[in-house]
Amino acid sequence: MDWQSDANDIEAGFAPTLEAWYERHKRDLPWRHTRDPYRIWLSEVILQQTRVAQGKPYYERFIDAYPTIADMARADERELLRLWQGLGYYSRARNLHQTARYVTDELAGKFPDSFQKLLKMKGIGVYTAAAVASFAFGERVAVVDGNVYRVLARVFGIADDITTTTAKKTFAALAQRLIQQANDPAIYNQAIMEFGAIQCTPVLPDCLLCPLQQQCIAYQTGRQQKLPVKAKKSPVRERYFQYIVFRNGNRIAMRERLGRDIWQNLYEFCCLETDEPKARLSEFDLPDMVAGLVQQGVLSAEPVEGVQLLSHQRIRAVFYEIVLPDTVTDTLPMGLQWYSAAAVHDLPKPVLITNYLAKRFG
DNA sequence: AATGCGGGGGA
DNA sequence: TCCCCAGCATT
């Protein structure tokens, strides 16, 4: 099994290589001069989804204001939030305060000293628990953050979508295997994140000077830019449907939706899609056939707005009800046909249409 | 499993 | 612009 021994060899050398790299390249950061769990915890919370450059001055300010966890516990929450101002994700500050008080008052100031205990604290999730447990207490538990996903995906050529639960498990298991070979779990955890932050960067990683160049699958196959794979959260597409609801007595003009779009084979009213939101008939152009028909009728009520959220689209609809006189015998455009109220009821329709009918006609 | 939650920096 | 950043809590 050649591939297996190769993979194991790469895994075996991984942690020590990064630890050696770290000793040569690490930045001098204030929270790296302490093993005080309070300070490490504070730094980790500040750095959640936050770059070192942005978080560093805040860390200094907080340590000045609250040198110990008891100081933070006694502080006024508004004061904490003021210090936090500008960092974002303000629940972090509230959770910080809550945990500071809990540790001070309920745990007699003794900071939780294991991964499992740390996990129970407000604002401490899997990442932060692993970070504090390893940095402050030397526990051999691997951190998995955005840097780790990137480094592991590239070095080991893992193309799984990191936004999925199964991929997260895969990466966590690999990371936990890798840390077993580390000389010092605290150093190793710092090392892989520092490596991701300044060498194996999201764009333009410095592969030419990389100590893992020879074993990096991404480098060997030229896929640095493609890894890690992260599903783009497709922005919800905004669409604007203007529905002309033609009425004649108790009949309504409806058509079947055809073609490669939403609501295939469902029935709707005369539908005109616009690029921008509209609120009145006069704000957009009607096809000639439709315009001619509209002119013969009267707008019978204020336009009605409706919204329908699909997985990747938000349909904002406006319904304009036009009542036509019996004298109109024009052929209906756009494949529209007249349906009695009972027939309309039986047609398959999008919820958006059904809701409108219910709202308008009960 | 999906969302909401912030603000800044770099390409 | 878009993406990403030492993620977490809630539903």
Side-chain angles (χ1 to χ4, degrees), chain A residues 18 22 26-32 34 37 39-59 62 81-99 115 118-136 141-154 160-169 171-172 175 179 185-206 224-236 309-312 314:
Chain A
L18 282 186
Y22 179 70
K26 66 181 173 188
R27 292 167 291 183
D28 181 26
L29 299 172
W31 47 85
R32 288 184 174 160
T34 181
R39 296 189 174 214
I40 289 168
W41 164 65
L42 173 62
S43 72
E44 290 302 334
V45 173
I46 287 175
L47 292 172
Q48 286 166 8
Q49 292 290 284
T50 304
R51 292 170 189 277
V52 166
Q54 188 188 0
K56 189 173 163 184
Y58 284 85
Y59 174 81
F62 268 80
L81 283 167
R82 204 163 52 245
L83 277 176
W84 197 268
Q85 210 166 65
L87 250 194
Y89 288 142
Y90 295 91
S91 65
R92 288 186 291 174
R94 292 190 292 272
N95 289 335
L96 209 56
H97 194 215
Q98 194 170 329
T99 292
F115 174 78
L118 286 159
L119 257 188
K120 299 181 191 304
M121 301 296 112
K122 276 284 187 188
I124 297 186
V126 174
Y127 164 76
T128 305
V132 176
S134 63
F135 300 164
V141 52
V143 294
V144 182
D145 73 337
N147 291 305
V148 175
Y149 284 124
R150 186 169 57 254
V151 172
L152 297 186
R154 287 175 176 168
D160 302 5
D161 174 4
I162 63 172
T163 65
T164 67
T165 304
T166 52
K168 287 186 171 80
K169 285 183 190 165
F171 280 93
I179 202 175
I187 299 295
Y188 167 74
N189 274 341
Q190 300 257 15
I192 189 169
M193 290 192 290
E194 189 79 338
F195 184 75
I198 68 185
Q199 178 100 23
C200 193
T201 50
V203 292
L204 297 179
D206 190 5
Q224 301 97 310
Q225 305 289 2
K226 311 289 282 182
L227 297 174
V229 173
K230 187 175 186 178
K232 301 191 202 328
K233 53 173 95 174
S234 53
V236 177
L309 195 58
L310 288 68
S311 57
H312 294 95
R314 176 165 38 226

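Just so we're on the same page: letters track the sequence lines, and every chain starts at 1.
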Subject >> Integer-rounded Å distance: C:dA6 C1' and A:Gln190 CD >> reply: 9 Å

Subject >> Among A:Ile192, A:Leu227, A:Val144, the one residue meeting side-chain contact (heavy atoms from CB on, under 4.5 Å) with A:Leu152 >> reply: A:Ile192

Subject >> A:Tyr59 OH - C:dC5 P separation (whole Å) >> reply: 23 Å

**OP:** Ignoring backbone atoms, test whether A:Ser43 places a side-chain nitrogen or oxygen under 4.0 Å from the OP1 or OP2 oxygen of C:dA6.
**Re:** no

Subject >> Listed nucleotide nearest any side-chain atom of A:Lys230, set C:dC4, C:dA6, C:dG7 >> reply: C:dC4

**OP:** Using atom CD of A:Gln54 as one end and atom P of C:dG7 as the other, report the distance to the nearest whole Å.
**Re:** 12 Å

Original post:
For A:Leu47 and B:dG7, what is the distance between atoms CG and P respectively, to the nearest whole Å?
Top reply: 18 Å

Original post:
Looking at A:Tyr89, does any N or O in its side chain come under 4.0 Å of the phosphate oxygens OP1/OP2 on C:dA9?
Top reply: no

Original post:
Are the charged groups of A:Arg92 and A:Glu44 less than 4.0 angstrom apart, N to O?
Top reply: no

Original post:
Counting only N and O atoms by type, is there a donor-acceptor contact under 3.5 Å from the side chain of A:Thr99 to the main-chain atoms of A:Lys122?
Top reply: yes

Original post:
If you round to the nearest 0.5 Å, how far is CE of A:Met121 from CG of A:Leu119?
Top reply: 9.5 Å

**OP:** Could you work out which one of C:dC8, C:dA9, B:dG7 sits closest to the side chain of A:Lys122?
**Re:** C:dA9

Original post:
Looking only at atom C1', what distance separates B:dG9 and C:dC8, rounded to whole Å?
Top reply: 23 Å

Original post:
Which one, B:dA11, C:dA6, C:dC4, comes nearest to the side chain of A:Val203?
Top reply: B:dA11

**OP:** Give one of base, sugar-phosphate or nothing for A:Gly125, where a contact means two heavy atoms less than 4.0 Å apart.
**Re:** sugar-phosphate

Original post:
NA contact type, A:Thr50, heavy-atom cut-off 4.0 Å: base, sugar-phosphate, or nothing?
Top reply: base

Original post:
Is B:dG6 paired to anything, Watson-Crick or G-U wobble with both distances less than 3.5 Å, and if yes, which nucleotide?
Top reply: none

Original post:
Closer than 4.0 Å, any side-chain N/O of A:Gln49 to the OP1 or OP2 of C:dC5?
Top reply: no

Original post:
Which comes earlier along DNA chain B counting from the 5' end, the contact point of A:Gly86 or that of A:Thr166, where each point is its nearest nucleotide?
Top reply: A:Thr166

Original post:
Which is true for A:Trp31 with a 4.0 Å heavy-atom rule: it touches a base, it touches only sugar-phosphate, or it touches nothing?
Top reply: base

Subject >> Sugar-phosphate, base or nothing in reach of A:Leu87, heavy atoms under 4.0 Å >> reply: base

**OP:** Consider the side chain of A:Arg51, meaning its heavy atoms from C-beta on, and name the nucleotide among C:dA6, C:dC4, B:dG6 that approaches it most closely.
**Re:** C:dC4

Subject >> C:dC5 phosphate, OP1 or OP2, under 4.0 Å from A:Arg150 side-chain N/O >> reply: yes

Original post:
Quantified in whole Å, what is the P atom distance between nucleotide B:dG8 and nucleotide C:dA9?
Top reply: 24 Å

Original post:
For A:Arg32 and A:Ile124, take the nucleotide of DNA chain C holding the closest heavy atom to each; which residue's nucleotide lies nearer the 5' end?
Top reply: A:Arg32

**OP:** Could you work out which one of C:dA6, B:dG7, C:dC4 sits closest to the side chain of A:Glu194?
**Re:** C:dA6

Original post:
Closest heavy-atom contact between A:Gln48 and A:Gly123?
Top reply: NE2-O, 3.4 Å

Original post:
What is the nucleic acid contact for A:Val148, judged by heavy atoms within less than 4.0 Å: base, sugar-phosphate only, or nothing?
Top reply: nothing

**OP:** Determine the Euclidean distance between corresponding P atoms of C:dA6 and B:dG4; express it in Å to zero decimal places.
**Re:** 24 Å

**OP:** Would you please say whether a donor-acceptor pair under 3.5 Å links the side chains of A:Arg32 and A:Gln190?
**Re:** yes

